[in-house]
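Accompanying notes for the structure given below.
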Amino acid sequence: MSQRKESIVMLPFMAQGHIIPFLALALQLDQTKKYTITFVNTSLNIKKLRPSIPANSSIHLLEIPFDSSVYGLPPGTENTDSLPYHLIANFLEASLSLKPAFRKIISDHVEEQKGHPPFCVITDMFFGWCAEIAHEFGAFHAIFSGCGGFGFACYYSLWLNLPHQNNLSDEFTLPDFPEASTIHVTQLAENLKEANGRDLFSVCLQSMLPECTNADGILLNTVEELDRVGLGYFRRKTGKPVWPIGPVLLSNRSQDQAAITPDLCKHWLDTKPAGSVLYISFGSQNVISASQMMELAMALEACGKHFIWVVRPPVGFDINMEFKAKEWLPEGFEERMEHSKRGLLVRKWAPQVEILSHKSVSAFLSHCGWNSVLESLSNGVPLVGWPLAAEQFYNVKLLEEHIGVCLEVARGKSCEVRQEDIVKKIMLVMDETEKGNAMRRKAREVRDMILDAVQYENDHKGSSVKAMDEFLDAASLMREGNKWAADRGV
Ligand SMILES: O=c1ccn([C@@H]2O[C@H](COP(=O)(O)OP(=O)(O)O[C@H]3O[C@H](CO)[C@@H](O)[C@H](O)[C@H]3O)[C@@H](O)[C@H]2O)c(=O)[nH]1
């Protein structure tokens, strides 16, 4: 007789940077064939997700009602990707209204399963409030964050302590995370720079983030050997288990938004010598300013390197509008690059994983969103960092100061950049310089470390495999404990 599958309920925050790692985790858990997964989100997000769910999977998409208009948000707002920046905090606040609907989802689930609670409820770092609901029904609750430990630790500590508020200097340390050493005011995203404890971002995050400690444990999309300092912060801070289970990545991202096929990219890269191409992309939702874009283009032309650049409209324009090369790039730039076969401009979206795994790619100029970092390092590709928002500044700090696989080229969307400086840094990383060679060596070491972490062969289990086992064991233990108590009427 086949055993009843355990059920897992997942709820990410409604933003691409959160939904994508949750989907990757759901697909990974689904592969074990041991669980049925209920993936909860709002209607429009569920619609977008549907094509990414394989036909034979046991992932069930479930809509949760959400009406953004009552919070002063434009009607139909269900994802940060369609929101102007000044409304993101309102959206965060509005997400609290999911509480009663989520409670009903768990309650219905328990009823359908004849009184059995889900094996586990996994929710976003902004949804620590779910712990109370999961526990009410006897379910294990874990937080999952797609961020790395170090970056998330700095972000968490900064929002909770706002140390820059009482500091006259431009540099400061984090009171509960001294291991991060000094943070410079230019390493703060705009909303954090302006935060004073009374603004809506501070109010929301200062109440949401500490609720993570109510969970039974925290899952992070990182690797123990790479990220011990950040993991240590959360272990100390929460007193709960913290399981680094990464990299959890989407190996087969839906290509519907790609402007170029992986095959075309591969053919282009095949014509270039090994280790000669710079790949440039700023992730799924960040863009640089018009003047920065112009300097970057001039630097790319001046440095003489081959490159693939994912171009998007600069700051201030709708990210989904058509890219106007004639307006935002130096005159004739695209034609010259195309004619000389030096550079490939890809509009909006490129097959990043395929590009990074090609032997012609030498370095990745990136905003250092954590997925990009993991994808780059999984392929042994060093980074040229240009952090733009959120915890990206601290990802760069970790990669540059602690690990040695990154060189920061610029910081933020409004800083002044000069083409000469960009050229210098690109050459330093890509050429046979002492620095470049050391970064490549280190990046290869990190690639092997990551490969080892996810390996499960014969008797060897890598650290991420073990962490996943420990998480599932902890959830089982709670399940057994609850059964034992129920059997005895305790
Ligand atoms: O042309 C593109 C651009 C992006 N990607 C993919 O999109 C993802 C982008 O993820 P990431 O690099 O993490 O960037 P963001 O989308 O900006 O990520 C958000 O979420 C991350 C954690 O989940 C945080 O680290 C970031 O700060 C936050 O901005 C990656 O898997 C890329 O492979 C493509 O495939 N093609």
Side-chain angles (χ1 to χ4, degrees), residues 12-25 27 52 79-81 83 85 88 124-126 143-156 158 187-192 219-222 227 230 246-262 265 279-288 308-312 319-320 323 344-358 361 364-379 381 383 385-399 406 412-413:
F13 179 63
M14 298 85 86
Q16 287 317 93
H18 295 238
I19 291 175
I20 291 169
F22 262 77
L23 176 63
L25 178 59
L27 291 167
S52 313
N79 195 305
T80 53
D81 69 0
L83 261 188
Y85 181 74
I88 304 267
D124 202 90
M125 66 202 213
F126 293 145
I143 294 282
F144 173 55
S145 165
C147 300
F150 187 88
F152 185 25
C154 292
Y155 178 88
Y156 190 98
L158 279 161
Q187 290 175 300
L188 301 178
E190 289 308 313
N191 57 350
L192 189 50
L219 294 159
L220 290 177
N221 190 9
T222 191
D227 209 0
V248 179
L249 295 170
L250 279 188
S251 52
N252 234 333
R253 184 184 290 274
S254 141
Q255 295 296 328
D256 58 344
Q257 34 181 349
I260 186 167
T261 64
C265 256
Y279 171 59
I280 305 143
S281 165
F282 297 103
S284 68
Q285 58 198 40
N286 287 287
V287 290
I288 53 177
I308 296 182
W309 182 6
V310 186
V311 286
R312 303 245 179 84
I319 195 166
N320 295 314
F323 185 81
L344 184 63
L345 294 187
V346 178
R347 281 159 167 76
K348 206 168 161 190
W349 197 261
Q352 176 161 309
V353 174
E354 284 84 352
I355 292 173
L356 286 169
S357 60
H358 197 284
V361 172
F364 180 10
L365 195 163
S366 165
H367 72 315
C368 292
W370 193 243
N371 294 299
S372 291
V373 168
L374 290 174
E375 288 161 6
S376 199
L377 295 180
S378 298
N379 287 291
V381 175
L383 294 123
W386 186 335
L388 296 170
E391 89 312 354
Q392 294 149 22
F393 303 91
Y394 327 115
N395 294 341
V396 170
K397 192 171 170 60
L398 171 76
L399 299 172
C406 178
K413 300 171 191 175

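Atoms within a ligand are numbered from 1 in the order they appear, just like the ligands themselves.
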Problem - Y279, any N or O under 3.5 Å of ligand 1 N or O - result: no
Problem - Flag for T80-Q285: side-chain donor and acceptor within less than 3.5 Å - result: no
Handout entry: Close-contact set for ligand 1 against G17 heavy atoms, below 4.0 Å
Key = 19 (C), 20 (O), 22 (C), 23 (O)
Practice task
Answer yes or no: does an N/O atom from R312 fall short of 3.5 Å to an N/O atom of ligand 1?
Solution key: no
Practice task
Run the contact test for A389 against ligand 1 with a 4.0 Å cut-off on heavy atoms, strictly below, and give the result.
Solution key: no
Practice task
Heavy-atom distances under 4.0 Å are what count here, so tell me which part of N286 touches ligand 1: side chain, backbone, both or neither.
Solution key: side chain
Completion exercise
Between the CG atom in L399 and the CD atom in Q392, the distance rounded to the nearest 0.5 Å is 11.5 Å
Handout entry: Nearest candidate to atom 5 (N) of ligand 1, where distance is taken over non-hydrogen atoms, out of W349, F282, F22
Key = W349
Problem - H18 near ligand 1 by a heavy-atom separation under 4.0 Å - result: no
Completion exercise
Note: ligand 1 atoms sitting under 4.0 Å from heavy atoms of P21 are 23 (O)
Practice task
Below 4.0 angstrom from a heavy atom of Q285, which ligand 1 atoms are there? Numbered from 1 as shown, please.
Solution key: 17 (O), 29 (O)
Practice task
Give the numbers and elements of all ligand 1 atoms closer than 4.0 Å to a heavy atom of V310.
Solution key: 1 (O)
Fill in the blank from the handout: Check: of P351, A350, G151, min heavy-atom distance to atom 35 (O) of ligand 1 comes from A350
Exercise for the section: Please work out which of the three classes, parallel, tilted or perpendicular, describes the rings of F152 and Y155, given edges at 30° and 60°. Expected result: tilted
Problem - E391 versus N395, side-chain donor and acceptor atoms under 3.5 Å - result: yes
Practice task
Report yes if the side chains of Y279 and L365 come closer than 4.5 Å at any heavy-atom pair, otherwise no.
Solution key: no
Exercise for the section: Enumerate the atoms of ligand 1 whose separation from the nearest heavy atom of S281 is less than 4.0 angstrom. Expected result: 3 (C)
Problem - H18 side chain near M125 side chain, heavy-atom distance below 4.5 Å - result: yes
Practice task
Mark the output for E391 as yes if a heavy-atom distance to ligand 1 is under 4.0 Å, and as no if none is.
Solution key: yes
Practice task
Determine yes or no for a side-chain-to-main-chain donor-acceptor pair under 3.5 angstrom, with S376 supplying the side chain and V381 the backbone.
Solution key: yes
Practice task
Show which atoms of ligand 1 fall inside a sub-4.0 Å distance from at least one heavy-atom site of A390.
Solution key: 27 (O)
Handout entry: E375: numbered ligand 1 atoms lying under 4.0 Å from its heavy atoms
Key = 30 (C), 31 (O), 32 (C), 33 (O)
Problem - F22/F144 aromatic ring centres below 6.0 Å - result: yes
Exercise for the section: Report yes if some heavy atom in the side chain of S372 is under 4.5 Å from a heavy atom in the side chain of H367; otherwise report no. Expected result: yes
Exercise for the section: Check whether any side-chain heavy atom of I143 lies under 4.5 Å from a side-chain heavy atom of L219, and answer yes or no. Expected result: no
Exercise for the section: Report the part of H367 in contact with ligand 1, treating N, CA, C, O as backbone and CB onward as side chain, heavy atoms under 4.0 Å; options are side chain, backbone, both, neither. Expected result: side chain
